[in-house]
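Structure, as structure tokens:
Just follow the structure's listing: the first ligand is 1, and inside any ligand the first atom is 1. We use all heavy atoms of the structure for the numbers below, so side chains are in, but hydrogens, waters and symmetry mates are not. Remember, predicted model here, so these are calculated numbers, not experimental data.
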Amino acid sequence: MEFLVAPGGSIHGEARVPGDKSISHRSVMLGAMATGETSVKGFLQGEDALATVAAFRALGVEIEGPRKGAMRIRGVGLRGLREASTRLDMGNSGTSMRLLCGILAGQEFSSELVGDASLMGRPMQRVITPLTRMGATIVSGDGGRPPLKISGGSSLRGIHYDLPMASAQVKSCVLLAGLFAEGETSVTEPAPTRDHTERMLRGFGYELQSRDGVTSLRGGGQLRGCEIDVPSDISSAAFLMVAASIAPGSELLLTHVGVNPTRTGVISILKLMGADITLSNEREVGGEPVADIFVRSASLRGIDIPRDLVPLAIDEFPVLFIAAACAEGRTVLRGAEELRVKESDRIASMAEGLTTLGVSNEVLDDGIIIDGGPISGGTIRTFHDHRIAMSFAVAALRAENEIRILDCDHVATSFPDFDALTRGLGLQIASRDGGE
Ligand code: S3P
């Protein structure tokens with residue numbers, strides 16, 4: 001599938017974007033291992049979260065739905081998962097694979113994890129290292145990449161793990177393995193990252209300590225089934241925040257968006273660039289902060305992105321690069337080497353597309369320099385990365401000619417119906433079946 005996006009237009013109206021991907025994954029995982037039933041609403045029916053649902057079904061958990069975002073999970077308890085009869089295919093989802101590793105390392109049975117071409121190329125040593133220290137036996141493919149064969153029957157022991165990189169997936173993997181470990185498991189991280197696992201564990205009644213930057217829990221407790229209301233994904237809302245900011249004459253209200261402070265780096269960065277963004281109706285829903293977000297178009301200016309905001313906006317950089325292309329002056333991003341190991345190398349993928357559109361940029365090892373200026377039109381490669389596809393669709397609002405975006409199927413991993421929703425708000429986007 002490819003997108004054809006006509007140049008120009010503005011963004012108007014109100015929208016509720018799909019549910020948060022990170023929270024959706026975790027709701028299935030914790031619900032499956034809880035005692036009693038968990039009901040979820042607002043669940044993201046995107047391919048990534050559905051891969052997690054399929055994996056837990058294969059591990060013997062009864063799950064009803066999701067239907068219109070509603071799902072019921074009949075928890076089997078912390079020790080109730082059963083051996084899957086086949087390999088577990090996590091599709092495109094790094095979160096599913098890395099968090100599941102922590103859970104599967106603590107089981108009596110063995111498992112094998114695989115994924116699509118992108119996931120099979122992503123680094124897994126970052127979870128293998130701490131899990132091995134806890135006593136797990138994991139065999140990977142070359143260079144610490146999938147497939148991952150996790151042996152059953154290892155008895156895990158709690159460790160302290162000082163994370164070498166800011167990664168919520170690695171932190172969550174270690175904490176989830178800690179549920180099955182003897183004694184205490186604790187983590188420290190070089191910079192704060194999304195804390196949905198910690199919040200949700202508490203929501204399931206599991207005791208967790210957070211003191212002086214150390215998060216710890218003791219194994220062998222119990223998760224109690226609960227009700228979860230998944231907020232809209234700020235990472236999906238980000239495409240629309242940038243769209244409404246860069247397209248003159250736009251006014252947009254995004255409702256029920258998750259605004260957990262470990263995720264709002266995109267709002268902070270856009271505001272530093274001069275964006276007109278206002279939060280209202282701030283409230284807490286099931287342990288997660290939620291708000292409505294109003295965006296009006298504004299003239300953006302280039303900035304040096306503060307390094308402490310990088311982990312808090314890690315998934316939003318592709319579309320922030322589009323904001324930088326539309327800004328007056330130069331934007332500099334450093335300290336973002338993690339972008340190189342996402343669904344694609346997002347520094348390289350975005351740089352190629354920006355160059356195609358005539359936007360001057362310089363690639364750095366750990367970031368990029370972008371000079372704002374006119375955006376032409378052209379054909380963009382996405383490297384099968386959902387966020388690259390959606391970012392260049394938004395860029396068309398300020399382009400001089402049509403933008404054709406190849407290989408957009410992966411948009412369905414995080415933002416099903418992106419084209420229909422954005423078309424309703426004013427983006428002149430059409431999709432059509434296209435070959436490779
Ligand atoms: C996620 C953590 C981040 C993020 C990913 C989702 C999570 O990955 O990029 O989209 O749900 O824990 P890293 O932990 O690799 O930074």
Side-chain angles (χ1 to χ4, degrees), residues 18-30 43-44 46-49 51-52 90-103 115 118-119 121-130 144-146 161 163-177 187 189-201 215 228 230-231 233-239 258 260 262-266 288 307 309-320 335-347 349-350 366 385-388 390-391 410-411 413-415:
D20 188 279
K21 185 149 73 78
S22 295
I23 298 176
S24 294
H25 283 302
R26 287 155 172 84
S27 70
V28 185
M29 294 179 183
L30 298 194
F43 186 79
L44 169 66
E47 287 167 8
D48 275 15
T52 297
M90 308 322 306
N92 192 242
S93 176
T95 309
S96 311
M97 187 172 283
R98 295 201 179 112
L99 271 58
L100 252 180
C101 269
I103 293 170
S118 153
L119 186 55
R122 294 184 68 188
M124 294 297 148
Q125 193 57 47
R126 52 181 62 200
V127 291
I128 298 172
T129 299
R145 298 184 200 280
Y161 194 59
L163 267 76
M165 76 291 285
S167 165
Q169 293 177 355
V170 178
K171 170 177 68 173
S172 301
C173 166
V174 174
L175 290 174
L176 292 173
V187 291
E189 37 186 358
T193 63
R194 66 192 70 194
D195 62 358
H196 306 302
T197 303
E198 297 91 305
R199 284 173 187 258
M200 202 182 282
L201 280 169
T215 306
I228 296 174
V230 182
D233 199 327
I234 190 168
S235 298
S236 297
F239 297 104
N260 179 316
T262 60
R263 297 285 299 280
T264 48
V266 60
E288 288 281 350
R307 282 187 185 232
L309 292 178
V310 170
L312 312 181
I314 195 67
D315 290 339
E316 289 68 68
F317 282 109
V319 78
L320 282 168
E337 55 281 331
E338 278 294 306
L339 291 180
R340 294 208 176 267
V341 289
K342 295 296 178 190
E343 286 83 330
S344 71
D345 174 343
R346 286 185 172 156
I347 295 175
S349 323
M350 285 303 297
D366 64 342
D385 184 333
H386 54 138
R387 298 199 200 280
I388 305 299
M390 291 185 276
S391 298
H410 282 71
V411 167
T413 59
S414 67
F415 201 153

Taking Leu99's backbone N and O only, do any of them form a donor-acceptor pair with Ser172's side chain (distance below 3.5 Å, no angle check)?
no

Give me the nearest non-hydrogen protein atom to atom 9 (O) of ligand 1 as residue plus atom name, then the distance to 0.1 Å.
Asp315 OD1, 2.6 Å

Need the ligand 1 atom indices (1-based, order shown) with element for anything under 4.0 Å from a heavy-atom of Arg194.
1 (C), 2 (C), 4 (C), 6 (C), 7 (C), 11 (O), 12 (O)

Ligand 1 atoms nearer than 4.0 angstrom to some heavy atom of Thr95 are 1 (C), 6 (C), 7 (C), 11 (O)

Which heavy atom of the protein is the closest neighbour of atom 1 (C) of ligand 1, given with residue, atom name and distance?
Gln169 NE2, 3.5 Å

Taking a cutoff of less than 4.0 Å between a non-hydrogen atom of the residue and any ligand atom, is His196 in contact with ligand 1?
no

Run the salt-bridge test on Arg263 and Asp20 with the 4.0 Å N-O cut-off and return the result as yes or no.
yes

Checking the side chain of Asp385 only, and the main-chain atoms of Ser344 only, is there a donor and an acceptor separated by less than 3.5 Å?
yes

What residue and atom, counting heavy atoms only, is the protein's closest point to atom 3 (C) of ligand 1, and at what distance?
Lys342 NZ, 3.9 Å

Can you name the one residue among Glu288, Arg26, His25 that meets side-chain hydrogen bond (donor to acceptor under 3.5 Å, both in side chains) with His196?
Glu288

Quick check on contacts: which atoms of ligand 1 are under 4.0 angstrom from a heavy atom of Arg98?
15 (O)

Going by the order shown, which atoms of ligand 1 are within less than 4.0 Å of some heavy atom of Ser167?
13 (P), 14 (O), 15 (O), 16 (O)

Can you tell me the protein heavy atom closest to atom 12 (O) of ligand 1 and the distance?
Arg26 NH2, 2.6 Å

